[in-house]
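Predicted model, so just to flag it, every value in this text is computed and none were measured. All chains are named by letter (A, B, ...) in the order of the sequence lines, taking the proteins before the strands, and each is independently numbered beginning at 1.
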2 protein chains.
Amino acid sequence: MAARKENSTYTLNEKFITECDLTYAVNKIGGRWKILIIDKLANQKLRFGELKKEFPNITERMLTLQLRALEQDGLVKRTVYAEVPPRVEYELTQMALEFVPIFRQLSEWGGKHRNLTQKLKIRDKP
Amino acid sequence: MAARKENSTYTLNEKFITECDLTYAVNKIGGRWKILIIDKLANQKLRFGELKKEFPNITERMLTLQLRALEQDGLVKRTVYAEVPPRVEYELTQMALEFVPIFRQLSEWGGKHRNLTQKLKIRDKP
DNA sequence: TACGGTACTAACAAAAATGTAAGTAATGGC
DNA sequence: GCCATTACTTACATTTTTGTTAGTACCGTA
């Protein structure tokens, strides 16, 4: 999200890893709040302020940054209404909608994983 | 991977977002090299040195960190053979193997997304 | 006794992501 | 004129993630 030095190992490695479509994909949804935002928008348009209310501790700055990134990556469409006070609506694009089913599977896997891990931890106790 | 201050907003927010199984899941595979490592191990066991050769610019430190995290999260099994020089083999766990099909779908989506985005960028040129 | 090979570890530095706090524009209603 | 509302932006601080460099243990072999 900020400007980057070219040719740093950091940048070179990023290029290398995103040659893989999967890593590329995960990078697109990798921000801290992006997935949750996509989830909230899966069934409805929402205004900036409405999204903000969904996440008690998010700052306006972070919400803005994540939405901008999603917009840049073609996953969210932003519509500004020329009113005062301003009204801005966010909705998913077709590409993001295609992600939603995969999304659900990942979520299921996550839940299963969480349970298993917790059980393992209980077992670990002496 | 390092020790964290409790109760920083950063940590609080992390707890909040990982209440969602999906975000939880994505966090597990979120490190820079984790997905690529899982990919390489999808069909075979590999030794530390073999993994290292798969990623030209990875440092030993990063490879170690990512493998440790995957091991902690129950996605990779580490087997040490008591030999000199040492031999250590890494393989996926059942849970990681269950992730692989989802993985493939995500990868497909990523490829599609990459193509679309590139086309959009071409179109954007005046 | 020195050396090679493997799989690391430790101390430090750079870069990125996230959070804090304050401020902005625009305009209709009082 | 002043205030409230909304969706931001800016400068800065904190925290995490990633990279750099140098080193370690082990033991069979030369």
Side-chain angles (χ1 to χ4, degrees), chain A residues 1-18 23 26-37 45-71 76 78-90, chain B residues 1-18 23 26-27 29-34 36-37 45-53 55-69 71 76 78-90:
Chain A
M1 303 185 189
R4 278 186 184 166
K5 277 194 185 170
E6 300 296 317
N7 299 329
S8 65
T9 303
Y10 187 93
T11 303
L12 287 176
N13 278 343
E14 181 166 61
K15 281 178 191 160
F16 175 79
I17 64 173
T18 52
T23 307
V26 171
N27 267 30
K28 294 299 173 194
I29 55 169
R32 174 157 266 206
W33 305 94
K34 285 187 193 170
I35 292 175
L36 294 165
I37 291 170
K45 292 184 186 183
L46 285 175
R47 297 179 59 176
F48 185 87
E50 291 170 328
L51 273 170
K52 200 185 154 200
K53 280 180 205 147
E54 298 282 350
F55 312 117
N57 289 315
I58 199 173
T59 62
E60 298 187 338
R61 175 179 141 78
M62 279 312 295
L63 185 51
T64 303
L65 281 175
Q66 304 274 294
L67 285 169
R68 288 289 179 279
L70 287 168
E71 196 191 355
V76 158
R78 178 169 177 268
T79 310
V80 184
Y81 296 89
E83 304 172 358
V84 170
R87 180 158 64 98
V88 181
E89 284 187 348
Y90 293 92
Chain B
M1 306 187 187
R4 275 186 185 166
K5 277 197 185 168
E6 301 295 318
N7 299 328
S8 66
T9 303
Y10 188 93
T11 303
L12 287 177
N13 277 344
E14 182 166 59
K15 282 179 189 158
F16 175 79
I17 65 173
T18 52
T23 307
V26 171
N27 266 31
I29 55 169
R32 174 158 265 207
W33 305 93
K34 286 186 192 169
L36 294 166
I37 291 170
K45 293 183 187 182
L46 286 174
R47 297 179 58 176
F48 184 87
E50 291 171 329
L51 273 169
K52 199 186 154 200
K53 279 178 206 149
F55 311 117
N57 289 315
I58 198 171
T59 62
E60 299 186 339
R61 174 179 141 78
M62 279 312 293
L63 185 52
T64 302
L65 282 174
Q66 304 274 294
L67 285 169
R68 288 289 179 280
E71 196 190 355
V76 158
R78 178 169 177 267
T79 310
V80 184
Y81 297 90
E83 304 171 357
V84 169
R87 180 159 64 97
V88 181
E89 284 188 349
Y90 293 92

> By the 4.0 Å heavy-atom rule, please label Y81(B) as base, sugar-phosphate, or nothing.
nothing
> Could you state the atom-to-atom distance from CG of N57(A) to C1' of dT20(C) in whole Å?
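Distance check: N57(A) CG to dT20(C) C1' gives 13 Å.
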> Mapping I58(B) and R47(A) onto DNA chain D by nearest heavy atom, which one lands closer to the 5' end?
R47(A)
> Rounded to whole angstrom units, what separation is found between the CD1 atom of I37(B) and the P atom of dA7(C)?
14 Å
> What I want to check is whether an N or O donor and acceptor connect the side chain of R61(A) with the base of dT9(D) at under 3.5 Å.
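For R61(A), whose side chain was compared with the base of dT9(D), there is no donor-acceptor pair (under 3.5 Å).
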> List the residues meeting ring pair (Phe, Tyr, Trp, His ring centres under 6.0 Å) with F55(A), not counting sequence neighbours, and say none if there are none.
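F55(A): ring pair (Phe, Tyr, Trp, His ring centres under 6.0 Å) contacts with W33(A).
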> Could you state the atom-to-atom distance from NZ of K53(A) to C1' of dT5(D) in whole Å?
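Value for this atom pair: 12 Å.
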> Specify the separation, in whole Å, of atom CG of L63(B) and atom C1' of dA7(C).
10 Å
> If we only count heavy atoms from C-beta on, is the K28(A) to K34(A) side-chain gap below 4.5 Å?
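No, every pair of side-chain atoms sits at 4.5 Å or beyond.
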> Nearest whole Å is fine: how far is dA21(C) C1' from M62(A) CE?
16 Å
> Strictly below 4.0 Å: does T59(B) bring a side-chain N or O up to OP1 or OP2 of dT21(D)?
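For dT21(D), neither OP1 nor OP2 has a side-chain N or O of T59(B) closer than 4.0 Å.
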> Would you mind telling me which of dA7(D), dG19(C), dA7(C) lies closest to the side-chain atoms of F48(A)?
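Between dA7(D), dG19(C), dA7(C), the one nearest the side chain of F48(A) would be dA7(D).
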> At less than 4.0 Å, is any side-chain N or O atom of S8(A) found next to OP1 or OP2 of dG19(D)? Yes or no.
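No.
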> Whole Å only: how far is the CZ atom of R68(B) from the C1' atom of dA10(C)?
14 Å
> How is N13(A) classified with respect to the nucleic acid when contacts are heavy atoms under 4.0 Å: base, sugar-phosphate, or nothing?
sugar-phosphate
> Only counting residues at least two apart or in another chain, list the ones meeting salt bridge (charged side-chain N to carboxylate O under 4.0 Å, His left out) with E54(A).
K40(A)
> Do T64(A) and R61(A) make a side-chain contact, defined as non-hydrogen atoms from C-beta onward lying under 4.5 Å apart?
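The answer is no, as the side chains (C-beta and beyond) never meet within the 4.5 Å cut-off.
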> Check whether NZ of the Lys or CZ of the Arg R32(A) lies under 6.0 Å from the centre of the six-membered ring of Y10(B) and within 45 degrees of that ring's axis.
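Geometry flag: set, cation within 6.0 Å and 45°.
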> Under the 3.5 angstrom rule, does the side chain of E89(A) hit a backbone N or O of T79(A) as a donor-acceptor pair?
no
> Would you give a per-nucleotide map of nucleotides 25-30 of chain D, 5' to 3', where B means the base has a protein non-hydrogen atom under 4.0 Å away, S means only the sugar-phosphate does, and - means neither?
-BB---
> Using only side-chain N and O atoms of Q66(B), determine if any of them is under 4.0 Å from OP1 or OP2 of dT17(D).
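Answer is no, no contact under 4.0 Å.
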> So, does W33(B) get its side chain near the phosphate of dT17(D), meaning an N or O under 4.0 Å from OP1 or OP2?
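So the side-chain polar atoms of W33(B) never come under 4.0 Å of the phosphate oxygens OP1 or OP2 of dT17(D).
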> How about F48(A) and L67(A): do any of their side-chain heavy atoms sit closer than 4.5 Å?
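In short, these two side chains touch, coming nearer than 4.5 Å.
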> Can you tell which of dT18(D), dT9(C), dT6(C) lies closest to the side chain of L65(B)?
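The answer is dT18(D), which lies nearest to the side chain.
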> Hey, does the side chain of R32(A) come within less than 4.0 Å of dG19(C)'s phosphate (OP1/OP2), counting only N and O?
yes
> Ignoring the backbone of T64(A), work out which of dT20(D), dT9(D), dT6(D) is nearest its side chain.
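Given the options dT20(D), dT9(D), dT6(D), the side chain of T64(A) is closest to dT9(D).
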